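These notes are about the structure you will find just below.
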There are 2 protein chains.
Amino acid sequence: MPDKPSSSPGQLTRQRKLVWDIVKDSREHLDVKTIYLIAQTRNPFISQATVYRSLTFLKKAGLVDELSLGESHHHYEAVHATPHEHFTCLKCGKLIELETSQFYELARRICAEQGLKVTHMDLLLSGYCPECTMAEGRK
Amino acid sequence: MPDKPSSSPGQLTRQRKLVWDIVKDSREHLDVKTIYLIAQTRNPFISQATVYRSLTFLKKAGLVDELSLGESHHHYEAVHATPHEHFTCLKCGKLIELETSQFYELARRICAEQGLKVTHMDLLLSGYCPECTMAEGRK
DNA sequence: GTCCATGCAAACTGTTTGCACGCGC
DNA sequence: GCGCGTGCAAACAGTTTGCATGGAC
């Protein structure tokens, strides 16, 4: 077990706290660019690299989740108490959160049958939201 | 409805067929680099751009699926007759396919309750495969 | 003084695009 | 001849890294 740091690593520095606050206080799923822009309004000297490094730090600390919502870049959200998954409307782009403990249970059960131990689940659903479904049907 | 092509677009050209054959004949989930390398062995003059454009073409044609398996780049697989999802072992990296019609049914049902019409589902599970679970337990 | 986090810019990876060529009809 | 697909290289977006600086203990 090498490379144990002799000094105190893993501090919640001002910049890291700033990034954390932005992600936590937003009810949205922010991408790095947005986080960076917001961070700049509160600390004009913060760099993009620091945002990336902070997010990596917060991810490791288990404070934020990294989402791959089908786009080329990542989104981030604060880790929720209740697990949930995401539904994207293909027409209007709206993002809807679903409470999905049932999925997790099902996943665990199905996987357990094959000896698989599930620790993490990412579910990305897409389709049409109620408004867009109606709009489609009306056409 | 503009831009109707006057000649014959959407051909399954030699290059596109080559990419399609590679994806189809592989039981793995290939990334672009691998597809490109294999393609080069059969056609040394094919370019990376063509591989990308072919994959886009095949995706639109409904012949291949693009997967975001938690890595920075994409993977591709031939569209299966039976829908399935993917389980990645966090320890050995093994990729296991799961038959998941039950998931799709559950997703449809849960979403329907909220008026959501699901057309596509991506499920990415991770955890430990039987071998690695045992290895962990033994430690 | 030591160690880590930071800022800056450059590097790097994965992907897309502009443009000229050329094949097939 | 015309249109599309192709090859090449350059551009591009997102992310990571090398290095020098600076703050906290």
Side-chain angles (χ1 to χ4, degrees), chain A residues 2-23 29-61 63-77, chain B residues 2-23 29-61 63-77:
Chain A
D3 69 287
K4 179 140 146 270
S6 55
S7 121
S8 53
Q11 305 271 155
L12 191 60
T13 60
R14 205 179 302 105
Q15 288 88 338
R16 289 177 180 175
K17 181 155 190 330
L18 175 53
V19 172
W20 165 232
D21 283 341
I22 292 170
V23 175
H29 305 77
L30 303 174
D31 55 21
V32 178
K33 190 180 273 178
T34 308
I35 296 171
Y36 177 49
L37 288 175
I38 298 175
Q40 277 192 314
T41 66
R42 303 198 214 164
N43 174 355
F45 301 108
I46 197 169
S47 76
Q48 198 150 210
T50 299
V51 173
Y52 275 104
R53 286 193 267 230
S54 298
L55 286 169
T56 305
F57 170 85
L58 294 168
K59 216 177 1 171
K60 271 194 197 146
L63 292 174
V64 306
D65 258 345
E66 188 181 60
L67 309 172
S68 296
L69 297 175
E71 289 183 64
S72 60
H73 54 279
H74 289 133
H75 289 240
Y76 293 87
E77 67 174 11
Chain B
D3 69 284
K4 179 141 147 267
S6 56
S7 117
S8 52
Q11 305 271 156
L12 192 59
T13 60
R14 205 176 302 106
Q15 288 88 336
R16 290 176 179 173
K17 181 152 189 333
L18 174 53
V19 171
W20 165 232
D21 283 341
I22 291 170
V23 175
H29 305 76
L30 303 174
D31 55 21
V32 178
K33 188 180 273 177
T34 308
I35 295 171
Y36 176 48
L37 287 176
I38 298 175
Q40 276 191 315
T41 65
R42 304 199 213 162
N43 174 357
F45 301 108
I46 197 169
S47 76
Q48 198 149 209
T50 298
V51 173
Y52 275 104
R53 285 193 269 230
S54 298
L55 287 169
T56 305
F57 170 86
L58 294 168
K59 215 177 1 171
K60 272 193 197 147
L63 293 174
V64 306
D65 258 345
E66 187 182 60
L67 309 172
S68 296
L69 298 175
E71 289 183 64
S72 60
H73 54 279
H74 290 133
H75 288 239
Y76 293 86
E77 67 174 12

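Given the structure is predicted, the values throughout are model-derived calculations rather than measurements. Chain A is the first sequence line, chain B the second, and so forth, proteins listed ahead of strands; every chain is numbered from 1.
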How many Å lie between [atom1] on [X] and [atom2] on [N], as a whole number?
| X | N | atom1 | atom2 | answer |
| --- | --- | --- | --- | --- |
| B:Leu58 | D:dG5 | CG | C1' | 13 Å |
| A:Lys17 | C:dA5 | NZ | P | 17 Å |
| B:Leu12 | D:dC4 | CG | P | 17 Å |
| B:Arg14 | D:dT6 | CZ | P | 9 Å |
| A:Leu55 | D:dT15 | CG | C1' | 11 Å |
| A:Ile35 | D:dT15 | CD1 | P | 10 Å |
| A:His75 | D:dT15 | NE2 | P | 9 Å |
| A:Leu30 | D:dG14 | CG | C1' | 16 Å |

Test side chain to side chain donor-acceptor pair (under 3.5 Å) applied to [X] - qualifying residues, sequence neighbours left out:
| X | result |
| --- | --- |
| A:Lys17 | A:Asp21 |
| B:Asp31 | B:Thr34, B:His73 |
| B:Tyr52 | none |

**Message:** If the cut-off is 4.0 Å, is A:Thr13 near the phosphate of C:dT6, judged by side-chain N/O to OP1 or OP2?
**Reply:** yes
**Request:** Give a yes/no on whether any side-chain N or O of A:Arg16 is located under 4.0 angstrom from OP1 or OP2 of C:dT6.
**Result:** yes
Would you give the length of the straight line joining atom [atom1] of [X] to atom [atom2] of [Y], rounded to the nearest 0.5 angstrom?
| X | Y | atom1 | atom2 | result |
| --- | --- | --- | --- | --- |
| B:His75 | B:Glu66 | NE2 | CD | 11.0 Å |
| B:Leu18 | B:Ile35 | CG | CD1 | 10.0 Å |
| B:Glu71 | A:Ser68 | CD | OG | 11.0 Å |
| A:Arg14 | A:Ser54 | CZ | OG | 12.5 Å |

**Request:** Could you tell me whether the side chain of A:Arg53 reaches within less than 4.5 Å of the side chain of A:Phe57, counting heavy atoms only?
**Result:** no
Atom pairs and distances, side-chain donor-acceptor, residues 42-50 of chain B, under 3.5 Å, sequence neighbours left out:
unit_1  : atom_1 : unit_2  : atom_2 : d
B:Asn43 : OD1    : B:Phe45 : N      : 3.0
B:Ser47 : OG     : B:Thr50 : N      : 3.3
B:Ser47 : OG     : B:Thr50 : OG1    : 3.1

**Where protein sits on nucleotides 11-21 of chain C, one letter per nucleotide: B base, S sugar-phosphate only, - none, heavy atoms under 4.0 Å** = ---SBBBB---
**Request:** Mind listing the residues from residues 37-47 of chain A sitting with a heavy atom below 4.0 Å of DNA chain C? Number order is fine.
**Result:** A:Phe45, A:Ile46, A:Ser47
